[in-house]
Amino acid sequence: RAKQDGRGVFSFFEPSLDRAARARRQLELDLRGALRTGQFRLEFQPIFDLKAERIGGLEALLRWDHPTRGLITPGEFIPVAEETGLIVAMGEWVLHEACRQALAWPEDVRIAVNVSPLQFRNSGFTNVVFQALTRSGLAPQRLEIEITESVFLDGADAVVALLHRLRALGVRIALDDFGTGYSSLSYLRSFPFDKLKIDRSFVANVASDESAGAIVDAIVHLAGALNMDTTAEGVEDPQQLESLRLHGCGSIQGFLFSQPIRGAAVASLLEQRASQAA
Ligand code: C2E
Ligand code: MG
Ligand code: MG
Ligand code: MG
C-alpha cells in the first residue's frame, strides 16, 4: 500500500524496511542477553580420518536456543554478532567451553573451533586462547583454530605475525572454506597451515563434475606438497566419499558420516569408535 505523499515509490517500501530494521534490532538485543543467560550451547561434528579410519577430531558449532524463536543457526546470528562486536565475548565463551568439553575426550581426539575475523584481529585474542588452554588444562596440540581466507583481507603481514604467535602456543591452525575466499595463494608461502578444509561447494560435485574433481585434486596435491592435511567439508553421499578417497583426501566431515551432535552424545560415539577398533 503505497502512500500518496509525493515521494514516489520509496514510501511503498518503508513499512517493510522498518520491519526488517526492527527485527534486526531485536535480534541484536536478544543476542546481548543470550550469553548472560546461557542460551548458547555447542554441538560437535566428527571429522573422520580416512587413513586411520577413525574420528580424529570434532568441530565445535555454535547453537543458540532462543527462548521464543527456538533454534537459531549461526548463519543468522554470527553476522549480527560481528557487526555489533558481540562476537568477541561469544567467541571467548566458545573457546573456553570447547576446550572444557574436549578435556573429557580421549587424548588423541582434537577439537576444532571457528574463529571469526573480528575476533581473530582483536588484540586480546592470543591471550584468550592461552587462557582457554590453561584454565581447561587441554593440551595445546589438541586445539585447532579454524580461520577463513577473509582474515587476510586487510594486511597479511599482521595476520601472519599473529598466526606465528598462536602457533607458538602449540595450537594447530586450519584454513576453513578453502577456495571460496579472495585466495591469493601467496599467504600459503608465508604461513605453514596445518590443514586446508576443502569447501563444500567443491565437494558437492566432486564425483559428478570434472572441474570440481580437478579442483579437489589440485587442493589435495597442493596441501600434500606443503605438508598440510586436508578435510573435505559437507560430504553427503557415498559417491562423494569414494571420489575423495581416490583423490587422496585426508579426512571427511559431513552428514554422510554424522550430523553435528550434542556434547553429551560425543562420549558414546567415541566409545563406539574404541570398541570397533578393538
Ligand atoms: P563452517 O565452519 O564451514 O562449518 C560447517 C557448516 O556446514 C556447519 O553449519 C555444519 O553444520 C554444516 N555441515 C556439516 N556437514 C554438512 C553436510 O554434509 N551438508 C551440509 N549442507 N552442511 C553441512 P553451521 O553449524 O550452521 O555453521 C555455519 C557456519 O557458522 C560455520 O561454517 C562457521 O563459519 C560459523 N560458525 C559456527 N560456529 C561458530 C562459532 O563458534 N564461531 C564462529 N565465529 N563461527 C561459527
Ligand atoms: Mg569451520
Ligand atoms: Mg567450512
Ligand atoms: Mg562454511
Side-chain angles (χ1 to χ4, degrees), residues 31 34-35 39-48 55 57-66 70-102 110-122 125 128-129 132 143-151 172-181 183 193-207 216 219 229-241 243-244 249 251-263:
L31 206 51
L35 197 59
Q39 294 168 20
F40 290 118
R41 62 185 167 83
L42 295 179
E43 287 193 348
F44 300 92
Q45 189 178 36
I47 300 169
F48 187 77
I55 297 169
L58 296 97
E59 178 176 5
L61 295 162
L62 189 55
R63 298 291 178 257
W64 181 11
D65 289 314
H66 189 282
L71 181 69
I72 306 183
T73 56
E76 191 174 347
F77 66 82
I78 296 276
V80 180
E82 280 250 332
E83 285 165 35
T84 54
L86 287 166
I87 192 72
V88 174
M90 282 165 56
E92 185 169 349
W93 179 84
V94 170
L95 268 163
H96 280 271
E97 181 63 12
C99 290
R100 189 186 69 79
Q101 293 205 39
R110 291 196 185 103
I111 175 72
V113 175
N114 292 286
V115 172
S116 78
L118 197 90
Q119 181 192 0
F120 182 80
R121 284 195 302 266
N122 190 270
F125 182 66
V128 167
V129 174
L143 175 63
E144 187 164 79
I145 301 287
E146 294 193 3
I147 58 168
T148 55
E149 293 158 311
S150 57
V151 300
R172 290 167 48 98
I173 319 272
L175 205 46
D176 204 354
D177 304 341
F178 184 73
T180 56
S183 337
F193 288 91
D194 295 284
K195 176 189 275 190
L196 299 181
K197 297 193 77 170
I198 306 170
D199 191 71
R200 192 163 79 216
S201 57
F202 305 117
V203 173
N205 303 311
V206 65
V216 168
I219 295 175
D229 295 339
T230 45
T231 295
E233 300 191 274
V235 182
E236 293 181 350
D237 65 53
Q239 288 76 29
Q240 292 164 351
L241 173 59
S243 177
L244 290 160
C249 185
S251 55
I252 57 148
Q253 184 180 0
F255 298 163
L256 176 69
F257 184 73
S258 171
Q259 299 261 346
I261 58 173
R262 293 198 174 240

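Just follow the structure's listing: the first ligand is 1, and inside any ligand the first atom is 1. Here the structure is a predicted model, which is why all the values come from computation and not from measurement.
Listed by atom number, the atoms of ligand 1 under 4.0 Å from Val94 heavy atoms are 41 (O). Shown in contact with Gln45 at under 4.0 Å from a heavy atom are these atoms of ligand 1, numbered in order with element: 14 (C), 15 (N). Atom numbering of ligand 1 starts at 1 in the shown order; those under 4.0 Å from a heavy atom of Ile78 are 43 (C), 45 (N), 46 (C). Atoms of ligand 1 lying under 4.0 Å from any heavy atom of Ser116, numbered from 1 in the order shown and given with element: 44 (N). Listed by number with element, the atoms of ligand 1 under 4.0 Å from a non-hydrogen atom of Asp177 are 3 (O). Within ligand 1, counting atoms from 1 as listed, the ones closer than 4.0 Å to a heavy atom of Pro260 are 11 (O).
Listed by chain and residue number, nothing satisfies the side chain to side chain donor-acceptor pair (under 3.5 Å) test with Thr84 (two or more places apart in sequence, or in another chain). Scored by the side chain to side chain donor-acceptor pair (under 3.5 Å) test, Thr230 finds no partners at all (sequence neighbours excluded).
Here Leu42 has no heavy atoms under 4.0 Å from ligand 1, in either its backbone or its side chain.
Not a single heavy atom of Gln259 sits under 4.0 Å from any atom of ligand 1. Proximity of Gly234 to ligand 1 is established by a heavy-atom distance of less than 4.0 Å.
The aromatic rings of Phe77 and Trp64 sit perpendicular to each other, their planes meeting at more than 60°, with 30° as the lower class boundary.
Ligand 1 has no nitrogen or oxygen under 3.5 angstrom from a nitrogen or oxygen of Ala60. The shortest N or O to N or O distance between Gln253 and ligand 1 is not below 3.5 Å.
At least one N, O or S atom of Glu233 sits under 2.8 Å from the Mg ion (ligand 3). Among the atoms of Glu146, none of the N, O or S atoms falls under 2.8 Å from the Mg ion (ligand 3).
Of all the listed residues (Glu236, Glu76, Gln240, Lys197), Glu236 holds the heavy atom that lies closest to atom 21 (N) of ligand 1. The option with the heavy atom closest to atom 6 (C) of ligand 1, from among Arg200, Glu43, Glu233, is Arg200. For atom 36 (N) of ligand 1, the nearest non-hydrogen atom from the set Ser258, Pro74, Pro79, Ala174 comes from Pro74.
At least one side-chain heavy atom of Leu62 sits under 4.5 Å from a side-chain heavy atom of Met90. At least one side-chain heavy atom of Lys195 sits less than 4.5 Å from a side-chain heavy atom of Ser251. No side-chain heavy atom of Leu196 sits less than 4.5 Å from a side-chain heavy atom of Asp229. Using a 4.5 Å cut-off on side-chain heavy atoms (C-beta onward), Asp199 and Phe178 make no contact. Using a 4.5 Å cut-off on side-chain heavy atoms (C-beta onward), Leu61 and Pro74 make no contact. Proximity of Thr148 to Leu175: side-chain heavy atoms (C-beta onward) are nowhere separated by under 4.5 Å.
A salt bridge links Glu43 with Arg63: the distance from a Lys NZ or Arg NE/NH1/NH2 to an Asp or Glu carboxylate oxygen falls below 4.0 Å. Under 4.0 Å is where a charged nitrogen must lie from a carboxylate oxygen, and between Arg41 and Asp65 at least one such pair does.
The name of the N, O or S atom in Asp177 nearest to the Mg ion (ligand 3) is OD1. Between the Mg ion (ligand 2) and the N, O or S atoms of Glu59, the shortest distance is to OE2. Shortest distance from the Mg ion (ligand 2) to Asp176 is reached at OD2 (N/O/S atoms only).
Between Glu146 and the options Arg110, Arg172, Lys197, a salt bridge (Lys or Arg N to Asp or Glu O under 4.0 Å) holds for only Lys197.
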